[in-house]
Participant: 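Handing you a structure now.
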Amino acid sequence: MAGINWYTGYPINQKSCMTKPVPLCSLTNLQLRFLCPSDLEEVRALCQDWFPIDYPYSWYEDITSNPRFYSLAAVYDGIIIGLIVAEIKAYVKLNREDRGILSQSFSKQTEVGYILSLGVSKDHRRNGIASLLLDNLISHLTTVEHVDCKALFLHVLTTNSPAIHFYEHRNFRLHSFLPYYYSIKGKCKDGFTYVLYINGGHPPWGMKKKIQNMSVLLYT
């Protein structure tokens with residue numbers, strides 16, 4: 001993949017009844033809370049509007065009721081206007097394309113966080129809501145309870161420049177290019193993997209140099 005500019009052709013420009021409290025943000029009438037089963041239809045309508053991926057109904061059932069998901073909503077005047085969905089995975093159980101994000105020096109107990117979705121309603125974007133949701137997830141993953149979680153990663157369409165710029169601004173780093181990773185409306189689309197290292201996590205040392213070289217290629 002060396003020597004390829006992956007941006008060529010593209011413009012660069014938990015369960016509501018969870019017991020852990022979520023702190024209120026300081027913005028008037030904006031509150032953070034975990035999703036409830038009763039949020040399913042509202043969340044489904046939002047995701048169908050925000051994302052090109054057609055999630056199965058069972059996915060919405062899971063993220064609104066299964067405590068393994070960190071499903072946090074931003075609610076304004078009683079209406080969900082943003083949400084982040086993530087889960088903690090055992091590193092040894094990651095898919096093949098994701099296993100290279102960490103150095104092999106870490107133990108078999110090592111975990112990683114994976115962001116499944118992060119979105120904000122169009123009328124409320126650029127107000128810091130996505131950052132607020134992401135900050136809460138990162139704070140959750142950097143507690144003593146999750147010291148074995150060494151990275152937070154996600155996949156994103158190569159054409160989704162706003163999301164790419166958002167994550168890069170938040171210190172996520174490009175890790176890999178995933179050709180034909182997505183299937184959207186019957187068409188294959190390329191993706192990127194982005195990673196934020198936390199709790200002392202780091203990539204393989206050889207990969208660290210490779211990532212630095214890739215960053216140079218992207219912006220030259």
Side-chain angles (χ1 to χ4, degrees), residues 1-13 44 46-56 58-60 62-63 69 82-89 91-104 112-122 125-126 130-131 133-134 137-138 150-198 201-204 206-220:
M1 288 180 277
I4 297 176
N5 185 335
W6 290 334
Y7 282 115
T8 299
Y10 303 126
I12 301 180
N13 291 344
R44 187 180 181 210
L46 289 172
C47 289
Q48 289 176 338
D49 180 49
W50 296 345
F51 309 123
I53 299 172
D54 187 16
Y55 295 107
S58 59
W59 186 80
Y60 296 103
D62 284 341
I63 67 170
F69 293 102
L83 62 87
I84 189 168
V85 180
E87 64 176 319
I88 298 175
K89 297 184 173 187
Y91 183 68
V92 295
K93 294 184 178 180
L94 291 182
N95 294 330
R96 182 176 59 183
E97 66 268 19
D98 299 321
R99 289 179 191 162
I101 65 176
L102 282 176
S103 169
Q104 294 182 354
V112 294
Y114 177 58
I115 299 176
L116 289 83
S117 290
L118 172 58
V120 176
S121 294
K122 185 176 181 179
R125 291 172 188 167
R126 299 186 179 278
S131 293
L133 291 165
L134 180 59
L137 172 61
I138 294 172
K150 301 300 182 181
L152 176 62
F153 77 105
L154 60 107
H155 300 126
V156 60
L157 282 163
T158 59
T159 52
N160 191 348
S161 294
I164 289 169
H165 294 159
F166 170 78
Y167 287 113
E168 288 182 345
H169 182 69
R170 299 308 308 272
N171 297 317
F172 282 75
R173 294 293 175 257
L174 174 64
H175 176 268
S176 57
F177 172 61
L178 304 172
Y180 309 120
Y181 183 78
Y182 293 96
S183 177
I184 298 176
K185 297 180 180 178
K187 295 184 178 180
C188 294
K189 303 289 184 179
D190 299 335
F192 289 141
T193 301
Y194 271 81
V195 185
L196 175 71
Y197 293 99
I198 58 176
H202 60 80
M207 179 60 73
K208 187 173 183 179
K209 183 64 175 177
K210 183 178 179 180
I211 292 171
Q212 291 173 345
N213 291 338
M214 287 192 299
S215 297
V216 171
L217 288 171
L218 288 175
Y219 296 106
T220 56

Participant: Please give me the minimum heavy-atom distance between A151 and Y197, naming the atom from each residue.
Facilitator: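 That closest heavy-atom pairing would be CB-CD2, 4.0 Å.
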Participant: Supply the atom-to-atom distance L137 CG to L196 CG, rounded to the nearest 0.5 angstrom.
Facilitator: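 So the CG of L137 and the CG of L196 are separated by 9.5 Å.
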Participant: Which pair of non-hydrogen atoms, one from C188 and one from Y180, has the smallest distance, and what is that distance?
Facilitator: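 Result for this residue pair: CB-CD2, 3.7 Å.
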Participant: Give me the atom names and distance for the closest heavy-atom approach of P204 to G100.
Facilitator: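 So the two residues come closest at CD-O, 3.4 Å.
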Participant: Output all residues satisfying side-chain contact (heavy atoms from CB on, under 4.5 Å) with S103, sequence neighbours left out; order by chain, then residue number.
Facilitator: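 By the side-chain contact (heavy atoms from CB on, under 4.5 Å) rule, S103 matches S105, F106, H202.
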Participant: For Y167, give me all partners under ring pair (Phe, Tyr, Trp, His ring centres under 6.0 Å), at least two apart in sequence or on another chain.
Facilitator: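 Scan of Y167 (ring pair (Phe, Tyr, Trp, His ring centres under 6.0 Å), adjacent residues dropped) gives F172.
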Participant: Any side-chain heavy-atom pair from L118 and L154 closer than 4.5 angstrom?
Facilitator: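 With C-beta onward as the side chain, the pair stays apart.
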Participant: Checking R125 now: which residues fulfil salt bridge (Lys or Arg N to Asp or Glu O under 4.0 Å) with it, not counting sequence neighbours?
Facilitator: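 With neighbours one apart ignored, the set is empty.
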Participant: Taking the side chain as everything from C-beta on, heavy atoms only, tell me whether W59 gets closer than 4.5 Å to S117.
Facilitator: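 W59 vs S117: side chains touch.
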Participant: Can you name the residues that form a side chain to side chain donor-acceptor pair (under 3.5 Å) with N160, not counting sequence neighbours?
Facilitator: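 Scan of N160 (side chain to side chain donor-acceptor pair (under 3.5 Å), adjacent residues dropped) gives none.
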Participant: Just to verify, what does Y60 make a side chain to side chain donor-acceptor pair (under 3.5 Å) with, not counting sequence neighbours?
Facilitator: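 None.
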Participant: What residues, two or more places apart in sequence or in another chain, satisfy side-chain contact (heavy atoms from CB on, under 4.5 Å) together with S183?
Facilitator: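 S183 satisfies side-chain contact (heavy atoms from CB on, under 4.5 Å) with no residue once adjacent residues are dropped.
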Participant: So do P52 and K185 actually touch side chain to side chain, heavy atoms under 4.5 Å?
Facilitator: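 Sidechains of P52 and K185: no contact.
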Participant: Assess the pair Y194 and F153: is the distance between their ring centroids shorter than 6.0 Å?
Facilitator: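 When the ring centroids of Y194 and F153 are compared, they turn out to be at least 6.0 Å apart.
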Participant: Nearest 0.5 angstrom please: I53 CD1 to L116 CG, how far?
Facilitator: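 Reported to 0.5 Å precision, the distance equals 9.5 Å.
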Participant: Check side-chain contact (heavy atoms from CB on, under 4.5 Å) between D49 and all other residues, then give those that pass, not counting sequence neighbours.
Facilitator: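 Not a single residue meets the side-chain contact (heavy atoms from CB on, under 4.5 Å) criterion with D49.
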Participant: Give me the atom names and distance for the closest heavy-atom approach of R173 to E168.
Facilitator: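 That would be NH1-O, 3.7 Å.
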Participant: With the side chain counted from C-beta on, respond yes when T193 and E97 share a heavy-atom pair under 4.5 Å apart, and no when they do not.
Facilitator: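 In short, these two side chains do not touch, never coming nearer than 4.5 Å.
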Participant: Given D190, which of L157, T159, T158 fulfils the side-chain contact (heavy atoms from CB on, under 4.5 Å) condition?
Facilitator: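 With D190 as partner, side-chain contact (heavy atoms from CB on, under 4.5 Å) holds for just one option, T158.
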Participant: Apply side chain to side chain contact (heavy atoms under 4.5 Å, CB included) to residues V156 and F166 and explain how you reach the verdict.
Facilitator: CA-CA 11 Å; V156 60; F166 170 78; over 6 Å; no
Participant: Roughly how far apart are D98 CG and H175 NE2, rounded to 0.5 Å?
Facilitator: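 Nearest 0.5 Å value for the CG-NE2 distance: 8.5 Å.
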Participant: Should the ring pair Y55 and F51 be called parallel, tilted or perpendicular, given that the plane angle runs from 0 to 90° and is split at 30 and 60?
Facilitator: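 Rings of Y55 and F51: perpendicular, as their planes differ by over 60°.
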Participant: Which residues pass the side chain to side chain donor-acceptor pair (under 3.5 Å) test with Y182, not counting sequence neighbours?
Facilitator: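 Y182: no side chain to side chain donor-acceptor pair (under 3.5 Å) contacts found.
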Participant: When rounded to the nearest 0.5 angstrom, what is the spacing between NZ in K150 and CG in L102?
Facilitator: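 It is 9.0 Å, given to the nearest 0.5 Å.
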Participant: Taking side chain as C-beta onward, heavy atoms only, is I115 less than 4.5 Å from L134?
Facilitator: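 Yes, at least one pair of side-chain atoms sits under 4.5 Å.
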